[in-house]
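Below is one structure, written out as structure tokens; the observations come after it.
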Amino acid sequence: MNARRTRGRPPTPIITQPGRQRPADALVLFGATGDLAKRKLFPALYHMEDRGELDVPIVGVARSDWTDSDFRDNAIAAIEASFPPAQPGRKKSGPKASVLKRLSRRLDLVQGDYADVTTWAALKSTLDEHGSKTAVYYMAIPPSMFPTVVESLASVGLNDRGRIVVEKPFGRDLASAHELNNVLHAVFPENHIFRIDHYLGKESVEDLLVFRFSNALLEPVWNRRYVRSVQITMSETIGVEGRGSFYDSVGAIRDVFQNHLLQVVSLLAMEPPVGHEASYLQDEKAKVLAATTALDCSTLVRGQYEGYRLEPGVAPKSKVETFAAAKLEIDSWRWAGVPWYVRVGKGLAQAATEAVVELQSPPRMLFDEAGGPAPERNLIRLRLGKRDGVTFHLQAKTPGPHLDSESVDVSVDFAATLGDRREAYERLIGDALVGSPRRFAREDTVEQMWRIVDPALSERSPAFPYPIGSWGPKEADSILENGDSWFAPSV
Ligand code: NDP
Ligand code: BG6
């Protein structure tokens with residue numbers, strides 16, 4: 001069964017946009033020559049330009065020996081490459097020339113070494129030429145460079161003229177995240193620090209909040225009394241895709257578990273925020289994360305896909321995990337005793353990001369005629385990946401003389417029902433420009449997330465090998481309790 005959208009106007013998020021700051025009048029892009037800029041940021045900026053949502057100059061900063069015109073050409077090439085390839089019988093769609101032209105006119109490059117004071121003086125005078133008073137500084141650079149950029153901005157007084165966007169990973173562990181927070185707070189107030197987790201920019205992830213708290217039918221069962229387990233899977237079929245050297249220095253736990261997956265856990269597990277201000281949402285996330293026990297080495301299994309060590313940039317004897325499965329416990333009134341199983345991995349059988357909430361069996365089997373099948377437990381499957389939506393797995397009577405039940409799915413595909421949505425980076429850049437902090441991570445939530453994974457970072461358990469295209473090492477089953485098994489993702 002498919003649901004239909006019943007209202008004509010766009011849905012309104014529960015948490016609106018208070019706490020906004022002065023809109024930015026310039027976007028400064030550190031790492032303008034990099035992979036993230038190429039694959040995500042320029043395509044996002046193109047779509048924003050196309051919709052008329054961009055009205056600021058974009059100043060790239062690069063050590064690479066690029067001119068303004070190299071910068072523009074590379075941005076255009078990146079945007080063109082982001083359009084889907086030609087299909088048989090269909091022409092390749094591409095960017096609109098008029099939009100590219102408008103966007104190109106916004107692009108300037110400041111070229112220079114970050115260690116050189118003249119680079120920062122040049123950046124300041126470029127911003128002055130644009131008449132900028134409030135810039136967004138986007139650090140799309142290796143995390144090792146974050147402190148240099150932050151301190152250099154302060155050395156020329158630019159910290160007082162803007163807010164900073166910090167890419168992930170935010171630190172390597174709790175201690176370094178804390179240290180990075182100190183570096184940032186030395187020159188920027190917390191409300192001018194925008195920590196990116198692009199999962200927070202996904203409509204499907206934000207929907208967890210709206211879905212939970214705008215459907216009264218869910219709240220009565222959303223607790224330890226009715227929920228038997230929660231499973232969250234983020235499975236990718238791809239490997240490290242040219243990012244071997246980066247990936248081998250982090251691994252799956254730092255790359256996605258500490259940030260994307262724990263953000264999903266917090267949205268699913270938190271109490272309702274007490275009001276619409278962004279800080280109330282952050283408060284509830286921080287509380288539920290504080291109630292989450294740190295990873296326990298006895299309930300964590302790591303894996304590494306076969307062939308990973310042959311990837312360019314990966315150490316030949318690397319022990320870094322490309323897969324992790326863990327059981328989390330949330331020691332709160334709502335969740336005590338409910339296992340939260342989380343697994344993430346690359347080189348797996350299917351690309352999916354899903355959360356499955358499994359409800360308890362009904363208390364009495366009224367219909368357990370001899371020989372009849374027992375009803376399966378209800379599942380609420382929240383699909384957060386490409387074909388996002390929600391599916392309720394319910395029980396209905398099997399046609400025939402017996403009182404047997406079978407599974408039926410009530411499913412909504414959000415894109416089909418609600419229409420296309422914007423990509424995460426478009427939303428996040430837009431938020432940073434208008435100064436809305438809601439879809440960014442706060443200092444305390446980031447540190448709580450590191451606290452949860454910290455024991456697993458220093459622990460040296462083996463990374464069990466698993467074949468590409470499988471569901472990870474079979475050892476991952478060992479963390480499941482009560483005869484549970486992993487649910488296969490639906491799409
Ligand atoms: P890249 O390795 O492509 O580097 C980005 C840019 O940073 C380079 O183009 C380079 O520009 C500059 N740079 C690199 N090393 C140094 C250095 N030692 N000193 C000064 N500048 C340096 O990184 P990505 O674009 O992949 O990642 C950027 C940020 O985004 C990172 O924090 C990463 O974790 C994060 N991220 C990336 C994702 C991705 O898919 N790529 C996904 C999610 C987050 P130049 O030398 O010209 O100044
Ligand atoms: C990034 C990770 O943050 O998220 C990548 O660094 C991962 O390793 C990516 O592939 C997944 O994002 P998405 O939006 O494709 O689920």
Side-chain angles (χ1 to χ4, degrees), residues 28-44 60-67 70-71 74-75 78 82 109-116 119 123 138-149 152 164-172 180 195-205 232-264 308 311 313 320-324 344-348 350-354 383-388 423-428 441 489:
V28 177
L29 192 51
F30 297 100
T33 63
D35 181 66
L36 183 73
K38 192 162 70 181
R39 291 194 308 108
K40 298 287 184 187
L41 305 183
F42 287 121
V61 183
R63 294 175 312 171
S64 301
D65 193 13
W66 280 13
T67 60
D70 294 331
F71 180 40
N74 276 280
S82 70
L109 189 76
V110 171
Q111 193 275 327
D113 198 293
Y114 292 174
D116 187 344
T119 308
L123 175 61
Y138 193 127
M139 295 197 291
I141 46 174
S144 57
M145 294 305 299
F146 293 166
T148 304
V149 169
S152 303
I164 191 136
V165 176
V166 191
E167 258 299 341
K168 65 162 275 270
F170 192 93
R172 287 188 55 74
L180 179 55
R195 299 173 190 81
I196 287 239
D197 179 323
H198 79 277
Y199 266 48
L200 296 179
K202 288 181 186 251
E203 286 277 7
S204 59
V205 172
I232 302 171
T233 297
M234 176 188 174
S235 53
E236 296 182 280
T237 52
I238 54 171
V240 293
E241 299 226 296
R243 295 172 74 214
S245 132
F246 159 77
Y247 196 86
D248 209 39
S249 69
V250 290
I253 296 174
R254 286 190 175 95
D255 186 37
V256 294
F257 195 118
Q258 179 272 341
N259 38 74
H260 306 332
L261 271 294
L262 288 179
Q263 286 288 357
V264 170
Y308 170 72
E311 300 269 13
V320 165
E321 76 283 345
T322 59
F323 173 96
V344 299
K346 290 193 183 280
L348 296 181
Q350 195 180 327
T353 308
E354 285 198 358
R383 302 190 307 276
L384 310 175
K386 284 232 154 34
R387 291 187 46 204
D388 59 336
E423 288 294 326
Y425 276 98
E426 293 171 45
R427 307 179 79 214
L428 296 175

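When a ligand or atom number is given, it counts from 1 through the structure's own listing order.
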Handout entry: Nearest-contact summary for atom 40 (O) of ligand 1 - protein heavy atom, Å
Key = Arg39 NH2, 2.4 Å

Exercise for the section: Just let me know how Tyr114 lines up against ligand 1, side chain, backbone, both or neither, with a heavy-atom cut-off below 4.0 Å. Expected result: side chain

Handout entry: Nearest-neighbour protein heavy atom for atom 12 (O) of ligand 2, which is reported as residue plus atom name and distance
Key = His198 NE2, 3.2 Å

Exercise for the section: Using the six-membered ring wherever Trp is involved, compare the ring planes of Trp66 and Phe71 and label them parallel, tilted or perpendicular (cut-offs 30° and 60°). Expected result: tilted

Practice task
Return the residue, atom name and 0.1 Å-rounded distance of the protein heavy atom closest to atom 33 (C) of ligand 1.
Solution key: Lys168 O, 3.4 Å

Practice task
Between Arg243 and ligand 1, find which residue part has any heavy-atom pair under 4.0 Å and reply side chain, backbone, both or neither.
Solution key: side chain

Practice task
For atom 8 (O) of ligand 2, find the nearest protein heavy atom and state the residue, atom name and distance (0.1 Å precision).
Solution key: Asp255 OD2, 2.6 Å

Problem - ligand 2 contacted by Thr353 (non-hydrogen, < 4.0 Å) - result: no

Handout entry: Spatial distance of atom OG1 (Thr148) from atom CE (Met139) [nearest 0.5 Å]
Key = 10.0 Å

Handout entry: Backbone or side-chain N or O of Tyr425 under 3.5 Å from ligand 1 N or O
Key = no

Practice task
Could you find the nearest protein heavy atom to atom 7 (C) of ligand 2 and give me its residue, atom name and distance?
Solution key: Glu236 OE2, 3.5 Å

Handout entry: Minimum-distance protein heavy atom relative to atom 27 (O) of ligand 1
Key = Leu36 CB, 4.2 Å

Problem - Heteroatom proximity flag, Met139 to ligand 1, N/O under 3.5 Å - result: no

Completion exercise
Ranked by distance from atom 32 (O) of ligand 1, the top protein heavy atom is Ile141 O, 2.9 Å

Exercise for the section: Have a look at ligand 1 and work out which part of Phe30, if any, has a heavy atom under 4.0 Å from it: side chain, backbone, both or neither. Expected result: neither

Handout entry: Partner set under salt bridge (charged side-chain N to carboxylate O under 4.0 Å, His left out) for Arg427, not counting sequence neighbours
Key = Glu203, Glu206

Problem - Any donor-acceptor N or O pair under 3.5 Å, side chains Glu167, Tyr138 - result: yes

Practice task
Give the contacting part of Arg63 toward ligand 1: side chain, backbone, both or neither, where contact means a heavy-atom distance below 4.0 Å.
Solution key: both

Handout entry: Identity and separation of the nearest protein heavy atom to atom 44 (C) of ligand 1
Key = Glu167 OE1, 3.3 Å

Practice task
Give the ring-plane orientation class for His198 versus His260, where under 30° counts as parallel, over 60° as perpendicular and anything between as tilted.
Solution key: perpendicular

Exercise for the section: From the options Ala115, Pro142, Gly34, Gly31, select the one whose nearest heavy atom is closest to atom 15 (N) of ligand 1. Expected result: Pro142

Exercise for the section: Give a yes/no on ligand 2: does Glu241 have at least one heavy atom closer than 4.0 angstrom to it? Expected result: no

Fill in the blank from the handout: By salt bridge (charged side-chain N to carboxylate O under 4.0 Å, His left out), Lys346 pairs with (sequence neighbours left out) Glu236

